[in-house]
Number of protein chains: 2
Amino acid sequence: MRATVRDVAARAGVSPKTVSNVLNGTFRVSPDTRSRVEEALAALDYVPNLSARGLRNGRTGMIAVAMADLRMPYSAEMCHHFVEAAAGRGLHVQIEETAGSGEREVELMSRARAQLVDGLILNPVRLETTAVQRDVNLPPVVLIGEVDQPIVDHVWIDNVAAVRELTGLLIDQGHRRIAIVGTGPMATAQLRLAGYRKALRSAEIKIDRSLLVPCEGWHSTDAAESFSAFLDRHEPPEAVVCMTDTIAFGVISALHAHGLSVPDDVSIVGYDNITDSATTVPALTTIDFDKQRFADTAVDVLLSRIANPAAPIMSVTIPYRLIERASTATR
Amino acid sequence: MRATVRDVAARAGVSPKTVSNVLNGTFRVSPDTRSRVEEALAALDYVPNLSARGLRNGRTGMIAVAMADLRMPYSAEMCHHFVEAAAGRGLHVQIEETAGSGEREVELMSRARAQLVDGLILNPVRLETTAVQRDVNLPPVVLIGEVDQPIVDHVWIDNVAAVRELTGLLIDQGHRRIAIVGTGPMATAQLRLAGYRKALRSAEIKIDRSLLVPCEGWHSTDAAESFSAFLDRHEPPEAVVCMTDTIAFGVISALHAHGLSVPDDVSIVGYDNITDSATTVPALTTIDFDKQRFADTAVDVLLSRIANPAAPIMSVTIPYRLIERASTATR
DNA sequence: CTGAAAGCGCTTACAG
DNA sequence: CTGAAAGCGCTTACAG
């Protein structure tokens, strides 16, 4: 069967402890012993049993990343960066999907506590995260995105300021009748809506509730459907703020189906700057941020938390920037 | 500290084995004992230590899924379905990225052998997968996509037939000068190119090597760049077969930048039917398949392999269908 | 610089 | 239906 440290030790004529020392570099081993052990390791094709190591050490070298919906290009890009960030720190990533269910989030917490993962990076969907409660025996957790009360560490982007800036750009370009697509109870939607409201308010534009367009889901197909239904009942707006780039794609498609073109008839802005946003026709004006830096930061914060559970709660804000492309034009 | 089976047993006044029986339902336990144990479990907020269980059982309940690049919407959708498939079978998914490096694939194999995962679903990039060698002590692996020699189980779609059908559609619509974008050494590219060649050959169209357009990468931005460069040097083709939907998005963008429209000037087909393909302008003609079924099948095959390492190698072909949308038109 | 012993938390034969 | 013992493979004090 498979070789264990014991087998390796026997072959090299040393004790298991010495093999462990060679493997982990904890203590200095004499060059001669080391080479004998290394020879045995190679000859027996030794692979450590990580479950055993995890049981002994209380660490598995694995972290969990939980996103609401992996199919969203935004989630996919973030996963990529989390895997990269983890790999750079010798960690592996277990991936989970919450699909927005608080129940699923609770389950993830307990899984983390079951110690197959050392910690959890969670993208909570609602502002009031029922899963992350004070007083409960929490595993190390980092929230990505904003939540109501910072009970645990979090890394986020100032969504309110970003959307305020995006909406401000549209206003500066002369648009007044500005819709926003993707409103709903999700934390992200609430914050971005707040940014939209602020921008309109400071330009003294009255908020027209009929221009707040909710979506069932945030896939482009959902957005196309919702916005198409909106266009059937209302005059087209002059510009549209979309909660995400993916929603923007759906909105553009719905506009096109109604014989309207972007940006000639309607200006569109998105959020996230996913890869495809640069090549769509037209290319999207959107909010960009350094996703790798975001992921690196979240993993670092998680590692600090694992190393020091009693440390004070950390909150890190990652900067964003507005990228102006072809989907917006002056009126 | 955290409660163990021992603590639970002590509180319930039974042996650890009885607690284990209640937890795993291996043997029947008397209702009275069961309720006492359950009370203790709840009172002590017991969470099993999965590392210990994994060490004992040789199973962790985790499988690894390795894709070349998680950022690709196709990979993202597949990951979503793998996580769903795994969840339905009580499994969790560790996600890995090979970025097309054979070295990384080898590393993954040994990680699987290190037993933090019970098995591995791997999307190999090249046809000659150096990592998956005969004679080597392999962990349970299922390859998704075609490889040269079926040394291990695999689940795939008949890429050759699918692209032959796609290309055939373009020919039937009267196109003759048909380019293909995304050629290269990757297994997927080779197979899809073979389908393209077959279709042209049976229509007695001579293959024009200048119409085989390689791409650095398979992101839409890569495709836009490559195809833009192509358009700078050549007459536009009548139609374009794109290796993936994502490549198609880039090609459409490049055509647009050159003042050409789809499908009026050029017809376009993609492959994968990712979510956004239905809402792009124009919506893409592409190859669709049941991704959830594909993922379920791959997980089932992997589970069979784990259960029975000596069983004969399995190969499952998942059906596809051509979806005709607005990106193609008769000439 | 190295060895022998103990134990992480679980479950599986082995007995009753 | 339940208990006492052993062991999965590793590493950490404890001795030398």
Side-chain angles (χ1 to χ4, degrees), chain A residues 1-38 40-41 44-62 110-118 139, chain B residues 1-38 40-41 44-62 90 110-118 137 139:
Chain A
M1 292 271 35
R2 236 174 71 173
T4 69
V5 277
R6 211 188 173 107
D7 303 325
V8 175
R11 181 176 174 115
V14 298
S15 78
K17 148 106 175 130
T18 305
V19 176
S20 176
N21 285 346
V22 171
L23 252 21
N24 301 301
T26 335
F27 289 92
R28 271 229 284 276
V29 182
S30 71
D32 177 51
T33 311
R34 169 179 299 275
S35 68
R36 282 220 315 289
V37 170
E38 277 166 351
L41 250 15
L44 297 174
D45 190 20
Y46 174 79
V47 179
N49 180 319
L50 263 30
S51 287
R53 194 176 274 174
L55 173 57
R56 179 65 239 210
N57 293 341
R59 295 280 168 80
T60 58
M62 183 140 50
S110 85
R111 172 138 184 109
R113 291 182 51 214
Q115 289 186 331
L116 252 189
V117 295
D118 300 335
Chain B
M1 293 269 36
R2 237 175 71 172
T4 69
V5 278
R6 212 190 173 106
D7 303 325
V8 175
R11 182 177 173 115
V14 298
S15 77
K17 148 108 175 129
T18 305
V19 175
S20 175
N21 285 346
V22 171
L23 252 20
N24 301 300
T26 334
F27 291 90
R28 270 229 284 276
V29 181
S30 71
D32 177 51
T33 311
R34 170 180 298 276
S35 70
R36 281 217 318 286
V37 171
E38 277 166 352
L41 250 15
L44 297 174
D45 192 19
Y46 174 78
V47 179
N49 180 319
L50 264 28
S51 288
R53 193 176 275 176
L55 173 58
R56 178 65 240 211
N57 293 341
R59 296 280 169 80
T60 58
M62 183 141 49
S110 85
R111 173 139 184 108
R113 290 181 52 214
Q115 289 188 329
L116 253 189
V117 295
D118 299 334
N137 194 3

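Chain letters run A, B, ... following the sequence lines, proteins first, then strands; residues in each count from 1. Just so it is clear, the model here is predicted, and its values are computed rather than measured.
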Checklist entry - Looking only at side-chain N and O atoms, does B/Asn24 come under 4.0 Å of OP1 or OP2 in C/dT11? => result yes

Item to check | Any A/Arg53 side-chain N or O less than 4.0 Å from OP1/OP2 of D/dT11 | outcome: yes

Checklist entry - With respect to the side chain of A/Lys17, which nucleotide from C/dC10, D/dA13, C/dA13 is positioned closest? => result D/dA13

Checklist entry - Does B/Ser30 or B/Asn57 map to a spot on DNA chain D nearer the 5' end, using the closest nucleotide for each? => result B/Ser30

Item to check | Paired stretches of DNA chain D - 3 or more consecutive Watson-Crick or G-U pairs, each distance under 3.5 Å | outcome: C:1-3 with D:14-16, C:5-12 with D:5-12, C:14-16 with D:1-3

Checklist outcome for this item: Considering only heavy side-chain atoms of B/Ser20, the closest of C/dC10, C/dG3, C/dT11 is C/dT11

Next on the checklist: With a 4.0 Å limit, can you tell me whether B/Thr18 has a side-chain N or O closer than that to the phosphate oxygens OP1/OP2 of D/dC1?
Outcome noted: no

Checklist entry - So which nucleotide from D/dT2, C/dG3, C/dT11 ends up closest to the side chain of A/Val14? => result C/dG3

Item to check | Short side-chain N/O contact from B/Ser51 to OP1 or OP2 of C/dC10, under 4.0 Å | outcome: no

Item to check | Reference residue A/Val19; test side chain to side chain contact (heavy atoms under 4.5 Å, CB included); the match among A/Asp7, A/Leu41, A/Thr33 | outcome: A/Leu41

Next on the checklist: OP1 or OP2 of C/dG9 versus the side-chain N and O atoms of B/Thr4: is any pair under 4.0 Å?
Outcome noted: no

Item to check | Atom pair distance, as rounded to whole Å: CZ in A/Arg56 and C1' in C/dG7 | outcome: 6 Å

Checklist outcome for this item: In whole angstroms, the gap separating C1' of C/dG9 from CG of B/Asn49 amounts to 6 Å

Next on the checklist: Taking any heavy-atom pair under 4.0 Å as a contact, classify B/Thr33: base, sugar-phosphate, or nothing.
Outcome noted: sugar-phosphate

Checklist entry - Which nucleotide in the list D/dC1, C/dC10, C/dC8 gets nearest to the side chain of A/Leu55? => result C/dC8

Item to check | Backbone N/O of B/Gly54 and side chain of B/Thr60: donor-acceptor pair under 3.5 Å | outcome: no

